[in-house]
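Just so it is clear: chains get the letters A, B, ... in the order the sequence lines come, proteins before strands, and each one is counted from 1. Treat the numbers as computed from the prediction; the structure is a model and nothing was measured.
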Amino acid sequence: MTPAGGPAPTEGGAAEVLDVERASATPTPPVRKPRRRTASPPASTLPLGGAQSWFLEAITHPGSVSSGALAARRTTGTSIDALLTSSPALSALDRLAVYHYAYRARLIDALADDYPTLRHALGVTAFESLARRVIDRFPSQTPNLNAYGRVMLDHLAGRDGRPPRRPFLLDLARLEWALVEVIHAPTPPRLTPAALRSIPPERWPNLRFSGSPSLRLLPSRWPVNRYLQAFRSGEAPALPKPNPSCLLVYRQGFTVWRMDLSPLTHGLLASLLSGVPLGEALEAVEGHAGADQVMRWFEAWVSGGVFTGVAGG
Amino acid sequence: MPRLRLPDLGFPDLGIGVGLRTPHYREILADWPPVGWFEIISDNYLETQGRPLEILDQVAARYPVVMHGVSLSIGSTDPLDVAYVRRLVALRDRVGARWVSDHLCWTGVQGRNSHDLLPLPLTPESLAHVAARVDQVQQLLGTPLILENPSTYVEFRGSSITEPDFLAQLCHRTGCGLLLDVNNVYVSSRNHGFDPMSYLDALPLDRVAQFHVAGHTDLDTHCIDTHIGPVVRPVWELLRAAWSRGARASILLEWDAEIPALEVVLREAALAREYAVVAP
């Protein structure tokens, strides 16, 4: 599972499956006993925009569909039976319930697809509760459902500048969202070892590298990659104790790789990716690693496509 | 109402196709199986510069591709998302998509998106509103927009136009085309108690650029358009009925829940040959 000529990921590389896809299908609500139908008041005269506001308020209401219909009535003065018809089998409220159920079910499914390991860490029920809070706090404002999952990080990051309540879960979510981002990021031509070798050695200390948009560095106080890998291997890992880690996530072709880094290699790579000249970055690791060792790391990163360009010198 | 003959849509009959779905990516890229054409969910490829687009480029180099979207929100009273339409145009031009379709619906209002295909009150006000927006989209596309009849679970008491009449008038006013989803006709007919054959009789079938067939979930009191499982016989019979009434168009099977192996999907799609004279 090692990409040819690239760094050897210590933990898995995989063709991440992207299951968070839009389709025009509707999630199926649980079957319930039809409600009793009520007598119809005069038909609503709400204009189109008013009818749409009514409908959206009702189906996105965090409570029951009844609560949603009542809230929409309070806002617009229009009752459900004035706006919608019943069918021979179902009341207007039963019919509206199809949309009320589908709204949250679709978004919960999208979040579950993006965060399967977080779902395991929390348990299915707690994850669904979390997802509902996320959805109510961050209603989607984008046509792209594939991008919606980002709001999970915003939610877990805490409120009003306070630290996150569950930092391990936040870091785990950061890793899972990084896998999604890396899939969607472009992979421009990488800096090749040959191109690097063509640069005269005296210029190397001043070289500044640009990193690939399809990589992420993820430092954490927890071993998040080990936890994720255990889950993906079919284990049921318990929540880990703090143990600092740093992970490099990157994509080569269709495959996304995860590589654990030591604090030293993380520091060096982070410096280079932030634009620190090569000579200055290497000075920081002097005394901690031999020149040959540093060169091996560097060559592995270049071969792995971590860098897309070089300037300076 | 007598209908003026509109210019032909000018879209090719591609025969039988299936939806391009992620569980099948690996097999498609490895084997390039014989498939007439692929329909993509446009939205999955609009805001990515990564792997989905790289895969689509390869698929589009070997198969005809058609774009089917879920976020145009043609019926919303929010301003038309022109940037979204421009992204559709860019993707269409990139992959050479044969046409671009979406649904007669709205997905949100006041900047919020439900990610659902929500029903419209079928009124003269809605018709004028949607027609104006279809005109706007077609200006940007430079080709007719293809709109699909949705599955619906409610009807508005203020509706004064039937859905097929609404679609007919929309075609007449704008020159748009139709994606006739016969599963949606069946699902909505069960949910609202109308005769699906009468629905077909009222449609301008010469405006049909494409068919959808799909499975659904029957809850007895109503049906849900889940795109699960094989197509039931009454839905296939609606395809036959539309064909016998003169509709001629490419046929696409949608299978979006509990997606089986590609081989199974293709075998199900091929059943269309029993109900329609399919282009080779």
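In this structure, the separation between CD on A:Gln141 and CG on B:Asn113 is 9.5 Å, given to the nearest 0.5 Å. If you take NE2 on A:His184 and CG on B:Leu53, they are separated by 10.5 Å, rounding to the nearest 0.5 Å. With values rounded to the nearest 0.5 angstrom, A:Leu90 atom CG is found 9.0 Å from B:Leu219 atom CG. Atoms NE2 and OH, from B:His115 and A:Tyr148 in turn, are 7.5 Å apart once rounded to the nearest 0.5 Å.
Proximity to chain A is absent for every atom of B:Ser42, based on heavy atoms less than 4.5 angstrom apart. At a 4.5 Å heavy-atom cutoff, A:Pro188 makes no contact with chain B through either its backbone or its side chain. Contacts of B:Ile228 with chain A are absent, with no heavy-atom separation under 4.5 Å from either backbone or side chain. Heavy atoms closer than 4.5 Å to chain A are found nowhere in B:Arg190, neither backbone nor side chain. Contacts of B:Ser151 with chain A are made by backbone atoms alone, with heavy-atom separations under 4.5 Å and no side-chain atom involved. With a 4.5 angstrom heavy-atom cutoff, B:Thr217 touches chain A only via side-chain atoms. Using a 4.5 Å cut-off between heavy atoms, B:Asp181 makes no contact with chain A at all. With a 4.5 angstrom heavy-atom cutoff, B:Leu72 does not touch chain A via any of its atoms. Only the side chain of B:His68 comes within contact range of chain A, with heavy atoms under 4.5 Å apart. Heavy-atom distances place no part of A:Pro213 under 4.5 Å from chain B, backbone and side chain included.
Top candidate by heavy-atom pairs under 4.5 Å with chain A, chosen from B:Ile55, B:Leu46, B:Thr123, is B:Ile55. Options A:Ser140, A:Ala102, A:Ala43 differ in how many heavy-atom pairs under 4.5 Å they form with chain B, and the most are formed by A:Ser140. No other option in A:Thr45, A:Thr60, A:Leu96 has as many heavy-atom pairs under 4.5 Å with chain B as A:Thr60.
Looking at B:Asp43 and A:Asn146, their side chains never bring a donor and an acceptor atom within 3.5 Å of each other. Residues A:Thr187 and B:Gln49 bring no donor and acceptor atom of their side chains to less than 3.5 Å of each other.
With contacts defined as side-chain heavy-atom distances shorter than 4.5 Å, the pair B:Tyr153/A:Thr26 qualifies. Side-chain contact between A:Leu56 and B:Gln110: absent, with no pair of heavy atoms (C-beta onward) separated by less than 4.5 Å. Inter-residue side-chain proximity for A:Ser86 and B:Arg157 is flagged as unmet; no heavy-atom pair is nearer than 4.5 Å. Within the 4.5 Å cutoff, the side chain of B:Pro121 has heavy atoms near those of the A:Leu48 side chain. For the pair A:Tyr99/B:Ser114, no side-chain contact is recorded, criterion being any heavy-atom separation below 4.5 Å from C-beta on. Taking 4.5 Å as the limit, every side-chain heavy atom of B:Phe156 sits out of range of all side-chain heavy atoms of A:Thr85. Between A:Gln52 and B:Leu120 the shortest side-chain heavy-atom distance falls below 4.5 Å. Side-chain contact between A:Pro143 and B:Thr107 is absent, with no heavy atoms from C-beta onward closer than 4.5 Å.
Of the listed residues (B:Glu155, B:His222, B:His192), just one forms a side chain to side chain donor-acceptor pair (under 3.5 Å) with A:Arg95, and that residue is B:His192.
The local environment of CZ in B:Arg86 is sparse, with at most 12 non-hydrogen atoms from other residues, nucleotides or ligands closer than 6.0 Å. No more than 12 heavy atoms of other residues, nucleotides or ligands shown are found within 6.0 angstrom of CZ on A:Arg73.
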Self-check item: Full working for side-chain contact (heavy atoms from CB on, under 4.5 Å) between A:Phe55 and B:Val109
Solution: CA-CA 10 Å; A:Phe55 206 93; B:Val109 72; over 6 Å; no
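Between B:Glu47 and A:Thr142 the shortest heavy-atom distance is OE2-OG1, 4.3 Å.
Under the 4.0 Å criterion applied to side-chain N and carboxylate O atoms, A:Arg251 and B:Glu54 are assigned as salt-bridge partners.
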